Trainee: 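First, the structure itself, so that you have it in front of you.
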Amino acid sequence: MDSRYLPALFEKKIYQFWEKNGLFKAKIPKDKKKETFCIILPPPNANADLHLGHAMYVYEDIMIRYQKLRQKEVLWLPGADHAGFETQYVFEKELQKKGQTRFDFDRNTLYQKIWDFVISNKSKMENQLRQLGFSLDWEKERFTLDPDIIKIVYQTFKKLFDKKLVYRAKRLVNYCPYCGTSFSDLEVIYKERKDPLYYIKYPLKNSQSITVATTRPETMFGDTALAVNPKDKRYKSLIGQIAVIPLTNNKIPIISDQAVDLEFGSGAVKVTPAHDFTDFEIASRHHLPIKQAINFDGRLNELAGKYQGFFISQARKLIIEDLKKENLIEKINENYSHRVATCYKCGRLIEPLPKEQWFIKIKPLANKAKKLVENGKIKIYPRRFKKNLIDWLDNFHDWNISRQVVWGIRIPAYRCKKFSTGSNIDSYFSSDPNSMPEGSRRNPWFVSVERPAHCQICGGNDFIQDEDTFDTWFSSAQWPFATLLTIDGKKNFYNYFYPTSVMETGYDILPWWVARMIMIGYFATDKVPFYHVFLHGLVRDKSGKKMSKSKGNVINPITMVDKYGADALRAALIFGVKEGNDVVVSEEKIIGMRNFTNKIWNIGRFIWINSKSTKNKNSSLTNGLLEKMAKEFKEEKKRYLKLMENYQFSRAFGLIYDFLWHRLADFYLEKLKAKVNNGNIKVLKELEKVYFGNLIMVHPFMPFVTEAIWQSFFGENQTILNQQL
RNA sequence: GCUCGUGUAGCUCAGUUGGCUAGAGCAUUCGGCUUACAUCCGAAAGGUCCGAGGUUCGAGUCCUCGCACGAGCACCA
């Protein structure tokens with residue numbers, strides 16, 4: 001043993017040893033009663049290198065290794081996520097560097113190009129997970145685009161469709177004209193912004209007018225009514241009258257609706273159902289027509305007359321100028337502050353636009369999920385997130401799962417070509433999916449796992465498939481059962497390991513992923529997808545900021561592994577952190593933990609040197625120190641086990657840190673050193689016992705150094721992983 | 001507006017059924033290359049545990065109110 005622990009000498013070799021000897025490989029034992037412990041790795045996006053957030057999966061490695069040492073049959077299943085829109089966005093950035101865009105390729109070519117990009121990144125990412133020492137069962141790795149996984153996703157979609165929990169409707173969706181796709185509610189970020197609030201006069205007959213306040217004058221061509229509050233005395237006499245949209249001859253009615261706030265603006269509002277969610281609701285209450293004045297490319301359309309073809313911001317300027325000329329602007333509040341919807345990815349404004357999409361009817365699924373969480377069938381750690389999760393389950397809206405993105409799992413919905421001219425849905429739906437089948441019957445969608453052979457109506461066999469792909473989270477939501485079902489094609493692993501033991505992930509994706517896994521998982525399998533949810537915090541830099549490339553404050557995990565060893569990095573993410581809280585990581589902290597690995601190593605080295613010593617053996621007295629040490633060790637282990645069982649990993653680790661360094665090394669070893677050096681075999685044996693006991697306990701946290709020491713003592717064909725806790 | 005979190009040593013944070021002198025890492029000061037380790041050892045300095053009130057024999061820990069910071073959600077024409 002060298003005087004220092006040098007991670008680079010061991011880590012790669014040890015990992016290969018583990019992998020080659022199948023130490024991470026889960027088997028189905030003869031004794032099916034043997035207790036299992038299974039975690040499905042949250043599949044990293046296969047489009048980029050790992051960042052420190054991924055290193056937080058060390059919590060999973062800790063659990064897996066711990067449970068293995070506790071003699072359970074463990075499975076930690078790796079995977080990769082195609083990450084649909086995310087990946088396509090990243091790939092488009094790559095294209096940009098070459099002066100290309102997604103429009104330069106046809107669908108198949110673009111898909112193939114992204115495929116190649118993803119596959120090379122995927123293997124890179126996998127090797128980085130190895131470098132972190134993760135005890136993943138690589139043989140069983142799954143990818144969200146594996147054909148058998150896609151098949152499961154299709155089966156789930158079909159089952160949802162058959163149970164009327166998925167429906168197609170033309171509704172307002174969050175659409176990003178730049179990214180060219182719609183999003184679910186979760187992908188929209190609201191930002192505080194200052195915009196002028198325009199008070200615009202809408203002419204009435206007899207040269208009167210009514211003033212409405214709006215930040216979006218350019219949508220006026222889509223107005224189909226003006227609305228006032230029914231209790232508003234100012235406007236009572238105007239209800240039922242006709243107003244004219246400025247700059248046009250279009251006449252619209254004045255209606256009353258309780259959604260209108262008397263206090264705000266002028267108390268009267270323009271109703272633009274195609275471009276505003278509230279207005280859409282008003283329109284559905286009053287059966288107003290829906291007129292789309294803005295196209296999906298963010299330009300005004302023919303409804304806008306001379307403004308057709310202009311982008312929203314340009315059109316707005318022109319319209320305001322013209323309104324001023326017509327003396328139809330009453331006033332402008334230049335300092336109006338409000339929140340606008342922006343695209344979570346590109347940051348540009350989200351346009352609410354009417355679009356035909358597939359939606360999941362969420363209420364029945366969320367209610368089931370809520371029960372599972374409330375009655376403890378699924379337990380959440382740390383506990384405070386339980387309330388959080390339930391809030392989400394209470395507040396989910398129907399989930400738009402259609403994405404206008406090439407990279408992804410194409411939706412298995414088909415229509416007979418004979419009927420397929422234009423939209424088959426000629427009415428709009430606000431919230432009642434049950435009205436859907438009416439339209440469907442006229443020109444139905446077939447949802448089927450395989451491409452349908454014949455049209456059930458005309459017998460034809462010429463189908464077109466929906467162009468859209470699934471929201472990535474729709475496939476991710478099925479990950480625990482989709483993976484286990486497809487490992488051997490015979491459900492063996494599913495039967496033995498499902499429901500999985502723990503879902504461990506960052507608290508930031510609670511609604512995106514955890515909630516949806518519970519909803520979809522239970523729907524598809526009639527079982528909870530996991531018994532426990534353990535949520536970790538986010539990694540932040542020294543000043544508490546979230547790490548991001550644009551801020552330039554990222555710490556590359558692999559650079560840190562190369563410099564200080566994987567154990568040091570892993571420990572830095574765990575040490576002194578309350579579960580579920582954000583963790584501040586700095587290079588100094590990693591160095592501190594590197595020093596601890598070296599301390600562990602050197603305690604071992606002391607014992608190792610003395611066990612090789614040829615001094616005369618004796619067993620002189622030690623004044624009760626050995627007994628005291630044994631007792632302390634026993635208590636330590638007891639506390640350790642309790643902490644580990646309660647998911648208090650940081651405290652468990654801190655406990656060993658303190659014991660090894662400040663009790664065993666600084667105190668007992670110092671006091672007993674002279675005796676050991678003089679050949680006291682009894683002391684040496686007792687030190688060994690306590691030391692090895694701690695080595696096993698700390699192994700889940702610092703797998704490499706502990707294995708390196710183990711093999712230094714017992715030979716390179718031995719492994720600490722076969723020990724027992 | 002609603003929900004949640006945080007506020008403890010100069011900095012980053014632990015401290016989970018209320019209980020010995022409130023801890024760790026880093027930083028600081030002093031002394032040490034003592035054959036396990038200088039990626040170390042020994043010692044020191046450093047805290048009105050955000051504030052006020054309450055429960056209690058006893059509160060960093062529990063309750064109420066307040067202040068500060070942060071996060072998420074909702075509304076906004």
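Predicted, not measured: the structure shown is a model, and the values here were computed from it. FYI, side chains are in, hydrogens and waters are out, and symmetry mates aren't considered; it's all heavy atoms of this structure.
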Trainee: Tell me whether the side-chain N/O atoms of W661(A) come closer than 4.0 Å to OP1 or OP2 in rA24(B).
Mentor: no
Trainee: Does rA14(B) have OP1 or OP2 sitting under 4.0 Å from an N or O in the side chain of N581(A)?
Mentor: yes
Trainee: Of D391(A) and M593(A), whose closest RNA chain B nucleotide lies nearer the 5' terminus?
Mentor: D391(A)
Trainee: Can you tell me, in whole Å, how much space there is between the C1' of rC33(B) and that of rU17(B)?
Mentor: 49 Å
Trainee: Could you give the distance from CD1 (I239(A)) to OG (S256(A)), rounded to the nearest 0.5 Å?
Mentor: 4.5 Å
Trainee: Does T248(A) have any side-chain contact (heavy atoms from CB on, under 4.5 Å) partners at least two apart in sequence or in another chain, and if so, which?
Mentor: F221(A), I245(A), N250(A)
Trainee: Using OP1 and OP2 only, check whether a side-chain N or O of H662(A) sits under 4.0 Å from rG25(B).
Mentor: yes
Trainee: Taking only the C1' atom of each, what is the distance from rA68(B) to rU8(B) in whole angstrom?
Mentor: 16 Å
Trainee: Once you apply a heavy-atom cut-off of 4.0 Å, does T278(A) come out as touching a base, just sugar-phosphate, or nothing?
Mentor: sugar-phosphate
Trainee: Please measure how far the P atom in rC26(B) lies from the corresponding atom in rA52(B), and state the result in whole Å.
Mentor: 34 Å
Trainee: Once you apply the 3.5 Å cut-off to both distances, tell me the Watson-Crick or G-U wobble partner of rA14(B), or none.
Mentor: none
Trainee: Ignoring backbone atoms, establish whether R605(A) has a side-chain N or O less than 4.0 Å from OP1 or OP2 of rC37(B).
Mentor: yes
Trainee: For rU16(B), does either OP1 or OP2 sit under 4.0 Å from a side-chain N or O belonging to K642(A)?
Mentor: no
Trainee: Could you give the distance separating rU39(B) and rA45(B) at their P atoms, to the nearest angstrom?
Mentor: 26 Å
Trainee: Reckon R4(A) has a side-chain N or O less than 4.0 Å from the OP1 or OP2 of rU39(B)?
Mentor: yes
Trainee: Side-chain N or O of N595(A) less than 4.0 angstrom from OP1 or OP2 on rC40(B)?
Mentor: yes
Trainee: Any strand counts, and the cut-off is 3.5 Å on both contacts for Watson-Crick or G-U wobble. Which nucleotide pairs with rG51(B)?
Mentor: rC65(B)
Trainee: Near RNA chain B, counting only heavy atoms under 4.0 Å, which residues of residues 216-236 of chain A show up?
Mentor: none
Trainee: Ignoring hydrogens and angles, answer whether the base of rC4(B) and the side-chain atoms of K387(A) contain a donor-acceptor pair closer than 3.5 Å.
Mentor: no
Trainee: Distance under 6.0 Å and angle within 45° of the ring axis: does R4(A) meet both against W601(A)?
Mentor: no
Trainee: Taking any heavy-atom pair under 4.0 Å as a contact, classify Y647(A): base, sugar-phosphate, or nothing.
Mentor: nothing
Trainee: Salt-bridged, E218(A) to R316(A), with N to O below 4.0 Å?
Mentor: yes
Trainee: Across all strands, who's sitting opposite rG70(B) as a Watson-Crick or G-U wobble pair, both distances under 3.5 Å?
Mentor: rC4(B)
Trainee: Mind checking whether F714(A) and W710(A) have parallel, tilted or perpendicular rings, split at 30° and 60°?
Mentor: tilted
Trainee: Report yes if a donor N or O on one partner sits less than 3.5 Å from an acceptor N or O on the other, where the partners are the side chain of E588(A) and the base of rU12(B); otherwise report no.
Mentor: no
Trainee: Watson-Crick or G-U wobble partner for rA45(B), using a 3.5 Å limit on both distances?
Mentor: none
Trainee: Would you kindly check whether a donor in the side chain of E579(A) faces an acceptor in the base of rA14(B), or vice versa, at under 3.5 angstrom?
Mentor: no
Trainee: Please work out if V583(A) contacts a base, only the sugar-phosphate, or nothing of the nucleic acid, heavy-atom cut-off 4.0 Å.
Mentor: nothing
